[in-house]
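Input: one structure, supplied below.
In this text, all values refer to a predicted model and were calculated from it rather than measured experimentally. For ligands, and for the atoms within them, numbers begin at 1 and follow the listed sequence. Only heavy atoms go into these numbers, but all of them, side chains included; no hydrogens, no water, no symmetry mates.
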Amino acid sequence: MAHSRKLMLASLLAFPVAALAQNTRPNVVVILADDLGYGDLSCYGAQNVQTPNVDKLAQSGIRFRQAHAVAATSTPSRYSLLTGEYSWRRNDTDIAAGNAKMIIRPEQFSMADLFHSAGYRTAAIGKWHLGLGDKTGEQDWNAPLPMGLQDIGFDYHYIMAATADRVPCVFIENGFVANYDSSAPIEVSYEKNFEGEPTGKDHPELLYNLVNSPNHGHDNSIVNGIGRIGFMKGGGKALWKDENIADSIATHAVRFIEQNQNEPFFLYLCTNDIHVPRFPHDRFRGKNMMGLRGDAIAQFDWTVGQVLDALDRMGIADNTLVLLTSDNGPVVDDGYADRAVELLNGHRPSGPYRGNKYSAFEGGTAVPMIVRWPKEVAGGQESDALISHIDYFASFAHLLDARLPKGSCRDSEDHLNNILGQSGQERPYVIEQNLWHVLSVRTPEWKYIEPGDGIPYMKLTDIETGNSPLPQLYEMEKVTEQENVAPSHPDIVLRLQDILKAERNKF
Ligand code: NG6
Ligand code: CA
């Protein structure tokens, strides 16, 4: 791959990055999709579904071909992005329950703190999945939460506590349940059901919107005719309707943009799409050949369009840096009988890569990434620079010319030059984490997957996990990680093992 690395048109951009911060303070909008694969957008080769808004963004910006999330699942991936610290340095960053405590604690300097301290208005809208409140399982959902996103730098938030398939199925706005219904007090447990409440397991006849896939769980509480993970009671009119989630998220994002159009803002916008349960609004249904999974992609694209339209309407698109990416690779059957597998029709969610979400193979963490900033970045670019979400933090710090507190974002390196499509020093390797905490080192040419004792194949989701008791080495020029060449390249294995060891022992 090394010989094909190029930054098309990048040389058009002659300004020194360091000179930017003083006179240009762009708004920054990070759009983080959920479980959207490398091959799921039409600008990344998808043919069974069209994503015109995302494609337009790519045409007027840079499309990255070697971008990586830190982890192959949501919570560790988001933790790393928002803190600039690898999730695997901590043991409490695995897929969080809906009643997990705040994983990023107030004393940690977050990406929102970075923007907030630089004078930006900051917001988190959409999926959160990084815990709320100060103690796991002890939140009182009927009162303002004692610890929330306001304590880690967000001026405004309108979020789902975890995922759409986990209780509580309500939005939280500025630390309190949105549209709180005092006639239906909320209780949440991940241990036991509440007396008299039906579950998907005992009352499958009540799953009128979406049935769970066999053996996948998702059969605890029933909300909106869909089984969830975890138990909840109450909620009343605060309970979300899955078909309206994208509208709620887009509406709040657009409102935040409108209200802050005259000051610099940072918007961390996390869609629920295309995570399960995939239950998009009627108006996105049936327009592609892939069923609900394709409809959810179309709905994601619509959300992107809403944001871009708002920026245009406010006349601020020119000086707004939009960065679109996904938290981890794709999954087809992730727990609901939505016919996603049967209707793929030849579509390859992870593009050319092996493995999907959860996996140590590239499909787990290779994600789409698009950057657009019309004022400073020429459109129509493609980049093969190796990028990791871990570096967004230090790169944004550079963009803002901000000083960082000691010990903050300690794994993050400044690669603003690459993110803005300029040539310059590239990250020599990225580190990837799978669901079993197996780490890989990916360089432009090689991929080393450390040995691990997890299952090699996840039957539930039909995913190759990349786990093996043996060290694995792949030539990435071949992309597909088929032939383990570790035995014939002991020197390279050793070099990549050393990198991993050094990273692990760094702090
Ligand atoms: C898994 C869920 C899956 C999804 C995932 C988290 C089962 C069998 N599977 O445990 O449906 O919710 O967690 O996905 O319950 S993530 O993208 O938020 O990390
Ligand atoms: Ca995810």
**Message:** Using the rule given for ring pair (Phe, Tyr, Trp, His ring centres under 6.0 Å), can you reason through Y353 versus Y38, listing the C-alpha separation, both sets of side-chain angles and the distance that settles it, and then say yes or no?
**Reply:** CA-CA 8 Å; Y353 296 115; Y38 189 89; 5.2 Å; yes

**Item:** Numbered atoms of ligand 1 (with element) below 4.0 Å of H275, judged on heavy atoms
**Value:** 4 (C), 6 (C), 12 (O), 14 (O), 16 (S), 17 (O), 18 (O)

**Contact atoms of ligand 1, heavy-atom distance to T163 under 4.0 Å** = 18 (O)

**Request:** Quick one: look at M458 and ligand 1, take heavy-atom pairs under 4.0 Å, and tell me if it's side chain, backbone, both or neither.
**Result:** neither

**Asked** Are R228 and D242 within salt-bridge range, i.e. N to O under 4.0 Å?
**Response** yes

**Prompt:** For the residue pair Y79 and Y86, what are the closest heavy atoms and their distance?
**Reply:** CE2-O, 4.3 Å

**Prompt:** What's the shortest distance from atom 4 (C) of ligand 1 to any protein heavy atom, and which residue and atom give it?
**Reply:** D334 OD2, 3.5 Å

**Asked** Can you tell me which residue and heavy atom of the protein come closest to atom 19 (O) of ligand 1, and the distance to 0.1 Å?
**Response** S74 N, 2.8 Å

**Message:** A quick test of your reading: do over 12 heavy atoms of other residues, nucleotides or ligands sit less than 6.0 Å from NZ of K459?
**Reply:** no

**Request:** Would you confirm whether S80, through its side chain, and S87, through its main-chain N or O, come within 3.5 Å as a donor-acceptor pair?
**Result:** yes

**Request:** Give the residue and atom name of whichever protein heavy atom lies nearest to atom 12 (O) of ligand 1, and the separation in Å to one decimal.
**Result:** D165 OD2, 2.7 Å

**Item:** Salt-bridge contact R442-E432 (side-chain N to carboxylate O under 4.0 Å)
**Value:** no

**Message:** Give me the residue, atom name and distance of the protein heavy atom closest to atom 5 (C) of ligand 1.
**Reply:** Y358 OH, 3.4 Å

**Message:** Which atom name would you report as the N, O or S atom of D34 nearest the Ca ion (ligand 2)?
**Reply:** OD1

**Request:** Number the atoms of ligand 1 from 1 as they appear, then name those within less than 4.0 Å of a heavy atom of N328, with their elements.
**Result:** 17 (O)

**Item:** Residues N288 and N48: side-chain donor-acceptor under 3.5 angstrom
**Value:** no

**Prompt:** Stepwise, does the salt bridge (charged side-chain N to carboxylate O under 4.0 Å, His left out) test hold for R89 with D411?
**Reply:** CA-CA 10 Å; R89 294 206 190 281; D411 290 308; 2.8 Å; yes

**Message:** Out of all atoms in ligand 1, which are within 4.0 Å of some heavy atom of H129? Include the element for each.
**Reply:** 18 (O)

**Request:** Output the list of atoms in ligand 1 that are nearer than 4.0 Å to some heavy atom of I229, sorted by atom number.
**Result:** 15 (O)

**Request:** Examine all N, O or S atoms of T163, backbone included, and report whether one is under 3.0 Å from the Ca ion (ligand 2).
**Result:** no

**Residue that, paired with K357, satisfies side chain to side chain donor-acceptor pair (under 3.5 Å) out of T73, T461, D34, D334** = D334

**Salt-bridge present (D391, R427; N to O < 4.0 Å)** = yes

**Request:** For ligand 1, indicate whether the residue Y336 contacts it via side chain, backbone, both or neither (heavy-atom separation under 4.0 Å).
**Result:** neither

**Request:** Pull out every atom of ligand 1 sitting under 4.0 Å from any heavy atom of T73, numbered as shown with elements.
**Result:** 19 (O)

**Prompt:** Just wondering, more than 12 heavy atoms not from H116 lying within 6.0 Å of its NE2?
**Reply:** no

**Message:** On a heavy-atom basis, which atom in N434 and which in S359 lie closest, and how many Å separate them?
**Reply:** CB-C, 3.5 Å

**Protein residue, atom and distance nearest to atom 18 (O) of ligand 1, heavy-atom basis** = K127 NZ, 2.9 Å

**Asked** Among the N, O or S atoms that D35 has, which is closest to the Ca ion (ligand 2)?
**Response** OD1

**Item:** Nearest-neighbour protein heavy atom for atom 9 (N) of ligand 1, which is reported as residue plus atom name and distance
**Value:** H218 CE1, 3.9 Å

**Complete:** the Ca ion (ligand 2) -> D327, closest N, O or S atom is OD2

**Asked** For residues E173 and Y156, is any side-chain donor paired with an opposing acceptor at under 3.5 Å?
**Response** yes

**Prompt:** Where the closest heavy atom to atom 1 (C) of ligand 1 is concerned, which of K357, R228, R166 has it?
**Reply:** R166

**Item:** Where ligand 1 meets D34 - atom numbers and elements under 4.0 angstrom, heavy-atom basis
**Value:** 17 (O)

**Request:** Name the closest protein heavy atom to atom 8 (C) of ligand 1, giving the residue it belongs to and the distance to 0.1 Å.
**Result:** H216 O, 3.1 Å

**Request:** Would you mind listing which atoms of ligand 1 come within a distance below 4.0 Å of any non-hydrogen atom of D35?
**Result:** 17 (O)

